Amino acid sequence: MSRFEDLEAATLERLRTLKAKPDMTINLIDMGAPLNAAGYSQEEVLAVLLALEQEKIVALAPGNRLLILKDLPQ
């Protein structure tokens, strides 16, 4: 598994921990701080979030928030 795939899995797991569901917003600090503590850079986290945005799973929202658009993939 590549570092990107590892981070994507960690990101989805973090979203599940935060009980993310459609139409919910999550503070990006709550999302990114644990991933940064796990050794991933902000740039790497942003790359994964942008990939999830392209897949229309999440959207970056005003106020440093992440909007969940649909159920998270398994």
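Everything numeric here is computed off the predicted structure, so don't read it as measured data.
L46 and L67 are assigned to two separate hydrophobic clusters, defined by single-linkage of ILVMFWY side chains at heavy-atom distances under 4.5 Å. Following chains of ILVMFWY side-chain contacts shorter than 4.5 Å, one cannot reach L69 starting from L12, and the two form parts of different hydrophobic clusters.
Checked by atom type and distance alone, the side chain of R14 pairs as donor or acceptor with a backbone atom of D30 at under 3.5 Å. For the pair E53 (side chain) and L60 (backbone), a donor-acceptor distance under 3.5 Å is present.
For the atom pair T11 OG1 and L52 CG, the distance stands at 6.5 Å (nearest 0.5 Å). Expressed to the nearest 0.5 Å, how far CE of M24 lies from CZ of R65 amounts to 8.5 Å. One finds the CD1 atom of I29 at 10.5 Å from the CG atom of N36 (value rounded to the nearest 0.5 Å). For the atom pair L49 CG and Q42 CD, the distance stands at 11.0 Å (nearest 0.5 Å). L18 CG to E13 CD: the interatomic distance, rounded to the nearest 0.5 Å, is 10.0 Å. Taking CG of N27 as the reference point, atom CE of M31 lies at 11.0 Å (rounded to 0.5 Å).
Nearest heavy-atom pair, E55 versus K70, reported as atom, atom and distance to 0.1 Å: O-NZ, 3.6 Å.
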Before giving the answer on side chain to side chain contact (heavy atoms under 4.5 Å, CB included), spell out for L15 and L66 the whole-Å C-alpha distance, their side-chain angles and the decisive distance to 0.1 Å. CA-CA 10 Å; L15 287 169; L66 187 66; 4.1 Å; yes

Please assess V58 against I26 for the test side chain to side chain contact (heavy atoms under 4.5 Å, CB included), listing each intermediate value before the final yes or no. CA-CA 10 Å; V58 302; I26 294 175; over 6 Å; no

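No side-chain heavy atom of F4 sits less than 4.5 Å from a side-chain heavy atom of E44.
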